[in-house]
There are 2 protein chains.
Amino acid sequence: MTAGGICPSPEPRPEPDALLRRLASHADLTEAEIGILSRLSAAPRAVGPRSDLLREGEDPGGAYVILSGAACRYKQRPAGGRHIVSYLLPGDVCDADGALLRRADFSAAALAHSSVAFIPRPLLRELTAVHDGIAQGLRAAKLVEEAILRMWLANLGCRSALERTAHLFCELLERFQVVGLATGAGFDLPITQVDLSLTLGMSTVHLNRTLHELRRQGAADLRGRSLRVLDRERLTAIAEFDPSYLRPRLAGRDAS
Amino acid sequence: MTAGGICPSPEPRPEPDALLRRLASHADLTEAEIGILSRLSAAPRAVGPRSDLLREGEDPGGAYVILSGAACRYKQRPAGGRHIVSYLLPGDVCDADGALLRRADFSAAALAHSSVAFIPRPLLRELTAVHDGIAQGLRAAKLVEEAILRMWLANLGCRSALERTAHLFCELLERFQVVGLATGAGFDLPITQVDLSLTLGMSTVHLNRTLHELRRQGAADLRGRSLRVLDRERLTAIAEFDPSYLRPRLAGRDAS
DNA sequence: CGCTTACTTGACATTCTTCAACCGCAGTGG
DNA sequence: CCACTGCGGTTGAAGAATGTCAAGTAAGCG
């Protein structure tokens, strides 16, 4: 295993279906595939917040599947600054290109008490080679990941702090709903304000004020580890949020 | 020559080898594959600056190959703001997932007079199915693209205007060198300050001042359409630039 | 009960944006 | 030939958005 990260991990709720739900949202899975995916999630490792899964420059050796909690990919600057470049939420896979890439260009770490399964490279290759549904689901998940990356980039590039924050919340709402971890009214967000601010490219102080502003405007209310959506319309409007980037429309094998 | 910067290239110099050079930098190509790639570049389409190749929401229908000039992927906000999320330089392919995706989550446009080849979906599929070298080269190119995306995100998130600009220049220097369009001393950069500022997430005014600062510090000098690197060490230092994200180390089929 | 971690708040400094004007050059049409 | 026009770039001044510093509160945990 890459980084020890054996931390006191109270009780991450088991969310054994996350991977299954996620892939099923992108592809039709056979009974056999469903069985395999369930078995993959059977022996998770518990990791505590701030413990690294993978460090920049290392060989990932395979892929990680997040089953509960939350993790992230991040970039660290020599000077000490860091930036979170993606969230790994239950059902997300990091990194399916573990099959391909020998040297990660990012680090990965848990953000909360989480449980994580590891799929070594050979197994991953076998799975995608043999099971078309799994391969297709992973491909689609990857396309979504890339679309999210572009969206985050555009957010940082041309939205204000308030808009960016609202946009992130809208995205998270959608992503958690896909795996059954959110209702329309809100969800558990096991991520600290410090980490949110590292994601949104602003200081903690400013994020905090932005959160108060979102609450004041009656859009969303984050307190403790729980986000309540007060007015989804307003939140969506502030963010100019359009969820289509999270739902790829795939071309069939046959299509022109 | 590369850093000539004589005129704003009304006639895009044919750079027929760009794709070939690019893929060859990632994979070993057979004679047959080299022939195919050359033929692909044979009938390019000329496009003027600001003309769209693809609009968000549309079906790309295939992939575009940039042969000369420069293009970009961008996101447009309803309000009118826009942000450039990646550059498509000679030898780049947009988007190899044209094979997979039916609805683009971004628009693409030329930034300068450019020549572009189009590969329809069926041909693209056949190529990657039959020719392993091409498939491998495209996969690697895609991994680099993704790494660049992450790097850009981190840049926006935690670097100052000066650092970001320097970092972009370092990256471009590397990328142009791969396809033989830059010497260590500089290169032709057929991109306006407005477009650079849309990339770097800052106002044109501020970019302009940042460019002056880079020149004042003796690091780089952009004037007209030509970037002269005055002191590569200093530029690299300002940017904290490390090129390893541009050079993926791939896992062989056999490797564990 | 005292530690630590996450969050909150106020005052101030800085970076960056906006607005507005201006320059220079290339193309265009009289 | 020359005026006109448009685009890309440059500059100054004022103000908004955001960062930094510093201190303080609240909750969880040994």
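Computed from a prediction, not measured in an experiment: that's the story for all the values here.
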With a 4.0 Å heavy-atom cut-off, tell me which residues in residues 159-170 of chain A come close to DNA chain D, sorted by residue number.
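Output list: S160(A), A161(A), R164(A).
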Distance check needed: [N] [atom2] versus [X] [atom1], whole Å only.
X	N	atom1	atom2	value
I191(A)	dC7(C)	CD1	P	11 Å
H206(B)	dG12(D)	NE2	C1'	15 Å
M202(A)	dA16(D)	CE	P	20 Å
L211(B)	dG8(D)	CG	C1'	13 Å
L222(A)	dC7(C)	CG	P	8 Å
R50(A)	dA6(C)	CZ	C1'	10 Å
L200(B)	dC16(C)	CG	C1'	14 Å
L196(A)	dC7(C)	CG	C1'	12 Å

Would you call D195(B) and R50(B) a salt bridge, taking side-chain N to carboxylate O under 4.0 Å as the test?
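Yes, charged N to carboxylate O under 4.0 Å.
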CZ (R55(B)) with more than 12 external heavy atoms under 6.0 Å
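For R55(B), atom CZ is not crowded (no more than 12 foreign heavy atoms under 6.0 Å).
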Does a donor on one side chain sit under 3.5 Å from an acceptor on the other, for E163(B) and S160(B)?
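A donor-acceptor contact under 3.5 Å links the two side chains.
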Tell me the salt bridge (charged side-chain N to carboxylate O under 4.0 Å, His left out) pairs involving residues 110-119 of chain A, sequence neighbours left out?
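The answer is none; no pair qualifies.
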If you compare all heavy atoms of D105(A) against all heavy atoms of K75(A), which two are closest, and at what distance to 0.1 Å?
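Nearest pair, atom of D105(A) first, then K75(A): O-NZ, 2.9 Å.
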[N] phosphate, OP1 or OP2: any side-chain N/O from [X] under 4.0 angstrom?
X	N	result
N208(A)	dC7(C)	no
Q193(B)	dT10(D)	yes
H212(A)	dT9(C)	yes

Which residue lies toward the 5' end of DNA chain D, T192(B) or R209(B), if each is placed at its nearest nucleotide?
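Result: T192(B).
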Any idea how F176(B) and F187(B) line up, ring-wise: parallel (<30°), tilted (30 to 60°), or perpendicular (>60°)?
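Aromatic pair F176(B)/F187(B) classed tilted.
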Compare the minimum distances between each of dG19(D), dC19(C), dG9(D) and the side chain of R225(B), then state the nucleotide with the smallest one.
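Taking heavy atoms from C-beta onward, the closest nucleotide is dG9(D).
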Is there a donor-acceptor pair under 3.5 Å between the side chain of S107(A) and the backbone N or O of E56(A)?
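Yes; judged by distance alone, with no hydrogens or angles, the pair exists.
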